[in-house]
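Since the structure comes first, as structure tokens, the remarks are kept for the end.
Here the structure is a predicted model, which is why all the values come from computation and not from measurement. A, B, ... follow the sequence lines: proteins, then strands. Residue 1 opens every chain.
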Number of protein chains: 2
Amino acid sequence: MHDNRVSLDHIRAAARRIASYVHRTPVMSSRLINAEAGCDIHFKCENLQKVGAFKARGAHNAVLCLTPEQLARGVATHSSGNHAAALALAASHFDVPAYIVMPENAPASKVAAVRAYGGRITFCESTQAARESTLETLCERTGASFIPPYDHPDVIAGQGTAALELAEQLDPAPDFLLTPVGGGGLLAGCAIASKALMPDTAVIGAEPAGADDAMRSFNSGQWQPQTSPDTVADGLRTALGQLNFSLIRANVDAILSADDATIIHATRLVWTRMKLVIEPSAAVGLAVVLAHPRHFAGKRVAIVFSGGNVDIDKLPW
Amino acid sequence: MHDNRVSLDHIRAAARRIASYVHRTPVMSSRLINAEAGCDIHFKCENLQKVGAFKARGAHNAVLCLTPEQLARGVATHSSGNHAAALALAASHFDVPAYIVMPENAPASKVAAVRAYGGRITFCESTQAARESTLETLCERTGASFIPPYDHPDVIAGQGTAALELAEQLDPAPDFLLTPVGGGGLLAGCAIASKALMPDTAVIGAEPAGADDAMRSFNSGQWQPQTSPDTVADGLRTALGQLNFSLIRANVDAILSADDATIIHATRLVWTRMKLVIEPSAAVGLAVVLAHPRHFAGKRVAIVFSGGNVDIDKLPW
């Protein structure tokens, strides 16, 4: 894919490409959570995805879109999160290197996760400038292809396969589809698939109040990437991507936010009621439903649990 | 059922009876856990069962085996654990009371769980004698039927439906089937179903080293219920039931144990690798496999995760 458009066809092609590498994740529900939320919720469990996050979808699609020559030289990214682990796993299937630039103060658990999947880590200073220059040098030296975590059409098309599956798994279609929004790859991809396959479903981005650049950008019509996020949902502290913003403007109905107390409450509900480990970022969809009860009362609601990678020695409660 | 025999027919009848009240739970696996364990493990996720534990199976079957006259007067038990919540849920379907005798020092979380399912709690002193006399008085006064947590053929037949499903879900049959053993209802019921449907599968009870009365009883041939259990696996501190012991002797191949450090390690592995909340008792099957690597090397292994009810504010690590 060589332009910035992402269509249902691209998402369908991504689904075929990645099918043998990622899980078709289950959709689960909870009677007790429905009773508390006052609506009928169906959760798409991307916490049960490979590497514990939807990021496996986009990373695999992007790797599988490379030419054989590009693939042979490996892939690279700067990330301390789920995208790095996903890219390392995707590269490992083809026995090519995944070069991961990480800040020298990255948590040991994240370093271990990337290493477990075979990623080759280069540490750098913990500044955006250091990350970018280290990555650039690395790509020049090795010839590796940079696979960004969200601002890339192949990555967005890959993330959209989660909604493609949801459309097959839910009958009738839900009244609402909510996904968390950080960089915006998951929301953009899912919104494109959802609008094409379930045109009557309202697509809503769910964002922490302490990192609400997507909501501010969406409501003002001006891209306003955040600079100082403050939220327990560590996976959503990233600034909204520019390509993602334009796709979100075109395909999303609303962006709603929830505060950290509600996000933590929603995380606990899922752990205790559904016996699923989700990271706080993954609970933001449910938190938004709980924070806006009249908006969703009595409705059929689909929510994407984005991931389950959380340090179980340092829980947020 | 009016005698103490439990056969495949009883378990099949239980499965038909409870089908609309309990979940057919999924079987999941983890590449990373397989790599660590050195075998091919398939986990039956009873942590995702109604009330978060396999106990929903036996409680529903026992309630559904009552006559309409018995059912109308309600059910009763003494328990501070998953069986009490399961019985309360089962009774709620028929709008009959579930009387639960609990020690006055029972954890608030367990009291809340029983109340959430509509159980009517009577508190008593925290001794076995007080529990039994309080329950007896209560049953005399109300006419409620006592549904014991494990030492009862209808309960055992209900728990055995987990293995009935496993036999349908796994093809080919596994070399080994492991379930935790506390009172012995799950192991006895699953062993009967497994021996009938998968005769070449070795059935193994998994027990904490600090509560190994089933292993001592099995190896000596003498029922030796424990009196002073000491293990993190709180669901398995119960003494082995007498009926359960006779069924286990007849249908189980071996009982193996694991220490608490291995049980905690196994619990953490499942939380972090599989994103599933399981209670330490549920991890004992995996702990036994990790503690006896040569026994299971290269084999196809089925393990029942018994439940996921754990206080997430007081984790065992």
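- With a 4.5 angstrom heavy-atom cutoff, A:Tyr117 touches chain B only via side-chain atoms.
- Distance check, rounded to the nearest 0.5 Å: CG of A:Asp313 to CG of B:Leu315 gives 9.0 Å.
- Between chain B and the residues A:Thr272, A:Asn309, A:Ile278, A:Val51, the most heavy-atom pairs under 4.5 angstrom are made by A:Asn309.
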(request) Starting from the C-alpha separation in whole Å, work towards a yes-or-no answer on side chain to side chain contact (heavy atoms under 4.5 Å, CB included) for B:Val277 and A:Leu276. (result) CA-CA 5 Å; B:Val277 175; A:Leu276 293 176; over 6 Å; no

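- Not a single donor-acceptor pair under 3.5 Å links the side chain of B:Lys275 to the backbone N or O of A:Asn47.
- At least one donor-acceptor pair under 3.5 Å links the side chain of B:Trp317 to the backbone N or O of A:Ile312.
- Contacts between A:Arg31 and chain B at a heavy-atom distance below 4.5 Å involve the side chain alone, from C-beta outward.
- With a threshold of 4.5 angstrom between heavy atoms, A:Met274 approaches chain B through N, CA, C or O but not through any side-chain atom.
- Contact count versus chain A (heavy atoms, under 4.5 Å) is highest, among B:Arg273, B:Lys50, B:Arg268, for B:Arg268.
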